[in-house]
K.L.:
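Just dropping this structure here.
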Amino acid sequence: MGDTGALARRSALVEGLRAYRLIAGMWVRSSMTYRTSFVVTVFGNLLVTGLDFVAILLMFSQVDSLGGWSMPEVALLYGLSATAFGIADLVLGSMDVLGARIRDGSFDTLLVRPAPVLAQIGADRFALRRLGRITQGAVVLGYALVSVDVDWSAQKVLLVPVMLVSGAVIFCSLFVAGAAFQILVQDASEVQNAFTYGGNTLLQYPPSVFGKDLVRGVTFMLPLAFVNWVPAAYVLGRPYPIGLPEWAAFASPLVAAVCCASAGLAWRSGLRSYRSTGS
Amino acid sequence: MKPEPVMDPFIELDRVEKVFDVRKKTGFLKRERRQVRAVDSISFTVARGEMVGYIGPNGAGKSTTIKMLTGILTPSGGRLRVAGIDPSRERTRLAHRIGVVFGQRTTLWWDLPLIDSYKLMHRMYRIPDGRYRENLDRLVEHLDLGALLDVPVRQLSLGQRMRGDIAAALLHDPEVLYLDEPTIGLDVISKAKVREFLRELNTERATTVLLTTHDLQDIEQLCSRVMVIDHGRMMYDGPLAGLHEVGESERTLVVDLERELPPIEAGPARVVKVEGPRQWLAFPAAESAAVLVARIAAEYPLVDLSVREPDIEAVIAKMYAEQAERAERAVS
Amino acid sequence: MGSGRLYLAVAVGGFRRYATYRAATAAGVFTNTVFGVILVYTYLALWDEKPHLGGYDQAQAVTYVWLGQCLYATLAIQGGGAEKDLMERIRTGEIAVDLYRPADLQLWWLAGDVGRALFQMLGRGVIPFLFGALFFPMALPTELTLWAAFLVTLLLATVVSFAIRYLVALSVFWLMDGTGVNQALMITGIFFSGMVLPLNAFPGVLGDIVRVLPWAAQIQMPADVLMGETDPLRAYAFQAAWAVVLLAAGRLVQSAATRRVVVQGG
């Protein structure tokens, strides 16, 4: 029984990825029918997402350190968070239209297709213009990696890609959990933004800037700190923002897996409530 | 040739219920919770190859039933099977065997040529290449889509888009097709095309069809059986003619004669109005209009005529009133 | 004043339309509060490092943050006000209907946007501001005159904000697609209004430039008036001057655009 269950889950995953690829492809083709718009939005996306970093640049034009962190150190935080968030945004960034889809009834048309709904809604309005955010984050990350003063070891080098992947998964979980919440409250896509975009903004600044309670909250309750704060502190040879054991820097994949599972449960119960209440 | 309808119950509903919790604002911050029975203990079976009309006023529970049949909604009670599958438990497995057309909501890709939407269906439903090509050719021919395949969907007219949607729902050879208001908003010619296609689909390919509609002509021209639902309850299940009997409804024949004449005398029909050379005859909706028309044409100098259908809403309203009356009598 | 009543009715309509989205408003309050908290901490760190940056002390910097969150939706800093509907109507050609209305096109849209702004202020802006005042040290005046002067600058800020968005939205008459325009509005709105950093904390020449651009009328001016950092009359003059220039420019472009519609035959 356990075996067939695992098999069914795996095939659902494969089916989901396949459906995602098919639908995302259709959206890419659709966006290409308005070529100038596409070019304009790619460029615009790059600029919009760059504004966060401009804020940091402006601050450092006035001071040499922020919360005791230097410019390259903050840039490292920024680059890690922005790139991880950019990946999640590219993959699942349109999940905030779910509420609108439920309201106009088009969500029902997805439920009669032979593919997992999460994959279909995840691929909804897939847009390559979101590569702008990843590009911008990666450029800052590149600058930070070469200018930051670090004694690189194998572990530290390894942590960089681990942070990006785990971070992207953690942000993806937020998008999915937010979508599940929208099934209950359809107009509330902004609540999701508070956690996704808000979380991304939070992580772009040093943890020393924020109140201890806030840091504790985003370490233990909503474990955003594992996107970059904790592992990046290890890389930079700084104390952890909060008393944690040494190995915590390597716990990000584990935290990401837990986030992923919780988001999956939230999504399932959200979908179940939709199908029993028919919002 | 119409295949013999096999009497295996393809769709089975046994006392199916759907109860919604509705929260209503009754004042500032005060809310009242109330349960609404959108579908109230409905039972019916549909055999493979049947074409059934499912009608009722707005909010009667039609859409809720269709949503349960397709697995979008989970019933609150009762037993429901489609092709032996419990739709809400095995929604994606069932999806391969059903086709759904939502009348007012296209599933086609707005900015892409029509053919692209079909290519997506091809891959999403994993339709074997040969069968896909065969089905596509057939649907393109029957639904007259040849010239439209390369046109972006946003440029199609409502009728063209509906035909496009129907084709999209049939590419994977579903055993049953659910149509939600397939002719709503269409012009007369498009309606005729859609109806003709559905008739062929049902007779030639024995596809089971369940359609909800406001348009009684859809039912009249397509369905041998009709189910009427109101307030979540089944009011009637049987042939269309029987519905007219139950509702005691009448159709009206409007006859234009060459000159003013005394009221026409023709069997079950009775003249209800005369205005110069034009006369209105009411006759039981179950009677054949053709026989009546033939008789009048043989005996009177006929210029023109038209048949007015009874209003379905009126028929249902009448049925409902009668039932309420019976219930009242039973109580007293 | 029959026409006055007409525009009042339009404004009430704008207010009501946004008032129907209760859950969205509540969600917006939450989001603005979260962003406010994040920004407050970063600003406190910045002002810790460099006290009196831009002439503000820490409490003033905090006040600026919460005022920014309060005005974010009110002034449609990143777009999403009347100009969004206007662009859509131009794109679909429905604008032709508006031209036949016995009302001034610009005033019509202004009235609707003022109604919207008032709702966003009361429904969405006030609560984060109060939250900020409750949990963080803020530099709020006790003199009623300053609050009254502040309300006047808010009204002028609303007009300037509308005038910018209206002018930009009209470009859709020529571009026929609002995507790029929306993004341009968003980027300039966020940056030049001082959502990323108070304009008076911008360094050097860049600071000198951004402080005279029309966007300075949106958050910086009301903030400075509220905290007694500038003479209200000077702020009014600055805001009114930009309002007049931008509204006049809007009218010019509008008449060119409507001629175009007439030539195209609607």
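Owing to the predicted nature of the structure, the values given are computational and were not obtained by experimental measurement. Naming: A, B, ... by sequence-line order, numbering from 1 per chain.
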K.L.:
Could you look at C/Val196 and say if it's the side chain, the backbone, both or neither that has a heavy atom under 4.5 Å from chain A?
P.N.:
both

K.L.:
Between C/Leu39, C/Leu44, C/Val29, C/Ile187, which shows the greatest number of heavy-atom pairs under 4.5 Å with chain A?
P.N.:
C/Ile187

K.L.:
C/Phe202 versus chain A, heavy atoms under 4.5 Å apart: side chain, backbone, both or neither?
P.N.:
both

K.L.:
Looking at C/Val37, C/Val40, C/Leu175, C/Leu53, which one has more heavy-atom pairs under 4.5 Å with chain A than the rest?
P.N.:
C/Leu53

K.L.:
With chain C, which of A/Val209, A/Val40, A/Leu214 has the greatest number of heavy-atom pairs at distances under 4.5 Å?
P.N.:
A/Val209

K.L.:
Are there donor-acceptor pairs under 3.5 Å across chain A and chain C? List atom names and distances.
P.N.:
from, atom 1, to, atom 2, distance (Å)
A/Ser37, OG, C/Asp177, OD2, 2.3
A/Ser37, OG, C/Thr179, OG1, 3.3
A/Gln62, O, C/Lys50, NZ, 3.4
A/Gln62, OE1, C/Lys50, NZ, 3.3
A/Gln62, NE2, C/Ala201, O, 2.4
A/Ser65, OG, C/Glu49, OE2, 3.1
A/Glu190, O, C/Thr31, OG1, 2.6
A/Glu190, OE1, C/Arg124, NH2, 3.4
A/Glu190, OE2, C/Arg124, NH1, 2.9
A/Glu190, OE2, C/Arg124, NH2, 3.1

K.L.:
I'd like to verify something: which residue of A/Leu47, A/Val39, A/Leu66 has the highest number of heavy-atom pairs under 4.5 Å with chain C?
P.N.:
A/Leu66

K.L.:
How close do A/Val185 and C/Ala23 get, heavy atom to heavy atom, and via which atoms?
P.N.:
CG1-CB, 3.7 Å

K.L.:
Select one option (side chain, backbone, both, neither) describing which atoms of A/Val48 are under 4.5 Å from chain C's heavy atoms.
P.N.:
both

K.L.:
Side chain from CB out, backbone as N, CA, C, O: work out which of these in A/Val54 comes under 4.5 Å of a heavy atom of chain C, or both, or neither.
P.N.:
side chain

K.L.:
Please classify the contact between C/Leu197 and chain A as side chain, backbone, both or neither, with a heavy-atom cut-off of under 4.5 Å.
P.N.:
side chain

K.L.:
Less than 4.5 Å apart, side chain to side chain, heavy atoms only: is that true for A/Leu58 and C/Leu206?
P.N.:
yes

K.L.:
Among A/Pro206, A/Gly211, A/Gly99, single out the residue with the greatest number of heavy-atom pairs under 4.5 Å to chain C.
P.N.:
A/Gly211

K.L.:
Identify which part of A/Ile56 has an atom lying under 4.5 Å from any heavy atom of chain C, answering side chain, backbone, both or neither.
P.N.:
neither

K.L.:
Can A/Phe195 and C/Val34 be said to form a side-chain contact (heavy atoms from CB on, under 4.5 Å), step by step?
P.N.:
CA-CA 8 Å; A/Phe195 289 104; C/Val34 168; over 6 Å; no

